[in-house]
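A quick write-up on the structure given underneath.
Below, chains carry the letters A, B, ... as their sequence lines are ordered, and counting in each starts from 1. Because the structure is predicted, anything quoted here is derived from the model rather than measured.
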Amino acid sequence: MAVVQAIQSAVSKEIASLFQVTLEPSAIQINETKPEFEGDYTVVLFALVKSLRKSPEALGKELGEQLVAAQPGLFTKFNVIKGFLNLTLSENYWLEFLHGNYNNPQYGRHPHRGEKVMVEYSSPNTNKPLHLGHLRNNFLGWSIAEIYKANGYDVVKTCIVNDRGVHICKSMLAWQKFGNGATPQTTGTKGDHLVGDYYVKFENELKAQTAPILEKVMAGTIEGFSTEDADKLQLFLGKLPQLEGNKEKTAEIHEEIRDIVRNNTPIMKEVREMLLKWEQGDAATMALWKEMNSWVYAGFDETYKRIGSDFDKIYYESDTYLLGKDLVEEGLKKDVFFQKEDGSVWIDLTADGLDQKIVRRRDGTSVYITQDIGLAVFKYNEYKCDESIYVVGDEQNYHFKVLKLIAQKLGLPAADGIFHLSYGMVELPTGKMKSREGTVVDADDLVDGMVDIARQKTEELGKVKDFNESELAGLYDTIGLGALKFFLLRVDPKKRMVFNPEESIDFHGFTGPFIQFTYARTSAILRKEQPKNTPSTSALLPLEKNVIIELEKYPAVLEQARIEMNPSAIAVYTYKLAQTFSTFVTALRVLTAETEEKKELRLQLCQMAVNVIGSSMHILGIRVPERM
RNA sequence: GGACCGGUAGCUCAGCUGGAUAGAGCAGCUGCCUUCUAAGCAGCAGGCCAUUGGUUCGAAUCCAAUCCGGUUCACCA
C-alpha cells in the first residue's frame, strides 16, 4: 500500500481508539515533511482540531505518542511544531519497500482492469508535411496512450487522416498546373514535402490573382461577382469609412473583403470544380488524388517511424465524411434536432449556455460536427471503447463541447466517455506559425536539427568512441529526440508554449538528456555488479532515504497523470527522481561502499532507480541509453 | 459582446483538491574531474505569485471584480 494511504488509515484508526471519533482516512491531510524539520511525512492537525476540540499541540502530542506506541512497524519518532505532527517512519518500512520492489520491472503499473479506451491523435492533413504543432500532438497522444496502459487499460490508438477537401485539391491543382509531372522519385523530395510545396505554390498563385481584383474592389469597382457576394462587398465597403481609427475592426472588414475576393479568383473556381469532380468520382481526378496521397503517406510513414508514433487503426476522412447522415434523421425523430423553413437542420444548445448549431445544410450535405459524430458511432461499433480521448488543439474546445453534448442528447453509447485532451498552440517568439506565410517549423527539419546537436555534443564529450556507426546513429537519435520530446511534454498540455528556433533546446538541467545521462551512469554501475537480493537492515542515510521516498511515489504519479490526462506530471516527477538520485550517487560510493551491506542496499537503489526512470521515460516515448 | 483558457524570478516552467520561510532549470557568479560517466554535484544571487476586495486560524492556491494576453462563437475542416 502506498505510504500516504498507510499513514492516513493509521491516523484514522488511532483517532478512533483515542477519541471515539470516526474520520475518513482520505480526509486526513498528509504532506511531505519540509526538509528543515525532522520527519518524513506530516499530519496537518488544524483541520482535526475543531471536531476533536483540542489544541493543535495537545492533539499532536497525544496522537504522536499513540501512533508510535500502537504502530511501531510504521512509526518510530514524532515531533509537533505549531499545528503539524511530523512523523518519522521506521527504517524497516522503507527497507522492506525497497527490497520488495527494486527488481520488479512492473512496479507502479496497475493490473488489467478490463476497460478499453481509444486515443485519437495526430490527425494530419495530406496537403502538407507535419510541423512542430503536430509533434506536440503526437507526443501527447502517444504518451497518454501509454499512461492509460500503465494504469491497466486496453488502449486503441487511432488517427483520422484529413485526406479530402478543398485544401487537398489546392495541392493537386497546383501540381497539375506547375508540376510538369514531378514526383518524389524524379525530384528526390520526400513525398509530403513535395505535395506541401505545391500547396505553397497554389497559395502564391492565389495571392497573385487576388491582388488586382482586390485593388479594383477597394477602388469601388465590383464586377464579376454573384449578386450575393456583390451585396456583401458593398455592405463591407460602406462600413469602412465609419470605422476610422478602429484598427481591429477595420482589419476584420478587410479580411472579410479579401476572403470574398479570394473565393472569386479563377484559380479558386478551378479548385471548386475539382472538388466537385472528386465528389462525383471522376476517374482522372481520383487517380491523381490517390497518387499524390500515396506520396504523402510514404513521407508521413518515414516521419512517424522516426518520432516513434504508431496507430492501431487509421481512419480516412474520405471513407467517413458521409457518416452521420442517418443520425440526423434519428435526431429529428427524437426531437433533439429541429428543421428550419429552408430545410437546414439544427440543434438548440442555448439551454446549455451555447448557441444554435447547424448539423445539416439546406442542400442536404452534412457539416464537420455531424461527420465527427458519425465517426464516433462508427468507431464505437468497431471497438466498443468505454472512453474516447481526442487529442486536438484548444482552438477546437467549443467543437468538442458541442460534440459531447449532441452525443449525450442523442443517447449515444459511451457519450459520457468522450474527452477532449485540449492542448495549447506552440508559438514562435514572433507569434503564431502560419503556413501561408511560411513561418512553420517543419517537423523533419526540427528532428534533424536536434539529432545533429546531439551528435555534436556527443563528439565533444568523446565518451563513446568505441561505438560503431549504427550504434552512434542510434544514440544520436535517442538523445536528440529525447531532448525534443521532453521539451514538449514537460509543459502542462493546456498551456500555450513558446519555441524559439534561434535558441537550441537545452541538453542540461530539466531536460531529457539529463535524465538519460542519469540512467546511463547508473547502468554503468550495474554492469559491474548487480544486487544479490539480500534484505538490508542497515541504518539509512538521509540521501538514501530521499531516493526511496521519491521512488515510492511513482504509482501515485502514474495514477494522477491518468486522472489529469497530463504527461507533464510524469516528466516533472522523473526529473525530480533523477535529480534526487544524482545527488545520492555523486555523494556516496556504491561499489566501494563502507560495508558489504551498504553496497547491497545501494545496488538495490540503483536497480530500482533504473527501472523507474526507464519505465517513466518509456511512458513519455523517450528511449534511455545504456551508455552516452 | 458571450463562453473558455492563461498571467509565479531576466527567460522557460513546477506548485493550484487551502497549510510551515515560494520551487526547479536556463542565463549570471563561486567551488569540485588520478577512485562507479562533470550532459553532473555543492553553493551564491535573483519574487508586492497581474491588481483590488472577500471567505478562513491560515490564500500563489477558493470566491468576486478589474487589467493584460490568447482561443472561440462559420451552411471551413
What nucleotide among [options] has an atom nearest to a side-chain atom of [X]?
| X | options | value |
| --- | --- | --- |
| Phe510(A) | G25(B), A38(B), A39(B) | G25(B) |
| Tyr398(A) | C41(B), A39(B), C73(B) | C73(B) |
| Arg361(A) | C13(B), A39(B), C75(B) | C75(B) |
| Glu317(A) | A20(B), A77(B), G19(B) | A77(B) |
| Lys528(A) | U37(B), C57(B), G70(B) | U37(B) |
| Tyr575(A) | G25(B), G40(B), G19(B) | G25(B) |
| Lys494(A) | G40(B), G25(B), C5(B) | C5(B) |
| Phe517(A) | C4(B), G40(B), C13(B) | G40(B) |
| Phe84(A) | A20(B), C75(B), G40(B) | A20(B) |

Is there a side-chain contact between [X] and the phosphate of [N], meaning an N or O under 4.0 Å from OP1 or OP2?
| X | N | result |
| --- | --- | --- |
| Arg627(A) | C36(B) | no |
| His508(A) | G40(B) | yes |
| Lys495(A) | C16(B) | no |
| Thr583(A) | A42(B) | yes |
| Arg527(A) | U37(B) | no |

Is there a salt bridge (charged side-chain N to carboxylate O under 4.0 Å, His left out) between Arg258(A) and Glu255(A)? Walk through the geometry before answering.
CA-CA 5 Å; Arg258(A) 195 177 316 123; Glu255(A) 185 73 24; 3.1 Å; yes

Quick check on contacts: within residues 454-466 of chain A, what sits under 4.0 Å from RNA chain B by heavy-atom distance?
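Result for residues 454-466 of chain A: Thr458(A), Leu461(A), Lys463(A), sorted by number.
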
Using a 4.0 Å heavy-atom cut-off, does Lys401(A) contact any base of the nucleic acid, only the sugar-phosphate backbone, or nothing at all?
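Sugar-phosphate contact only.
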
Can you give me the closest heavy-atom contact between Thr478(A) and Val624(A), atom names plus distance?
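Nearest heavy atoms, Thr478(A) then Val624(A): CG2-N, 4.4 Å.
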
Glu460(A)-Gln456(A) side chain donor-acceptor pair, cut-off 3.5 Å
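The criterion, which ignores hydrogens and geometry beyond distance, is not satisfied for Gln456(A) and Glu460(A).
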
Whether the side chain of [X] and the base of [N] hold a donor-acceptor pair under 3.5 Å is what I'd like checked.
| X | N | answer |
| --- | --- | --- |
| Asp506(A) | A27(B) | no |
| Asp342(A) | C75(B) | yes |
| Thr42(A) | A20(B) | yes |

Spacing of Glu36(A) atom CD relative to A20(B) atom C1', expressed in whole Å
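Atom-to-atom, Glu36(A) to A20(B), this comes out as 7 Å.
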
For Phe514(A) and A39(B), is the gap between ring centres under 5.5 Å while the planes differ by less than 30°?
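No, Phe514(A) does not stack on the base of A39(B), since the centre distance and plane angle fail the 5.5 Å and 30° test.
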
Using the rule for Phe, Tyr, His and the six-membered ring of Trp, do Phe46(A) and G19(B) stack at under 5.5 Å and under 30°?
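The ring of Phe46(A) is stacked on G19(B).
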
Map Ile358(A) and Ile479(A) onto RNA chain B by nearest heavy atom, then report which one ends up closer to the 5' terminus.
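Result: Ile479(A).
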
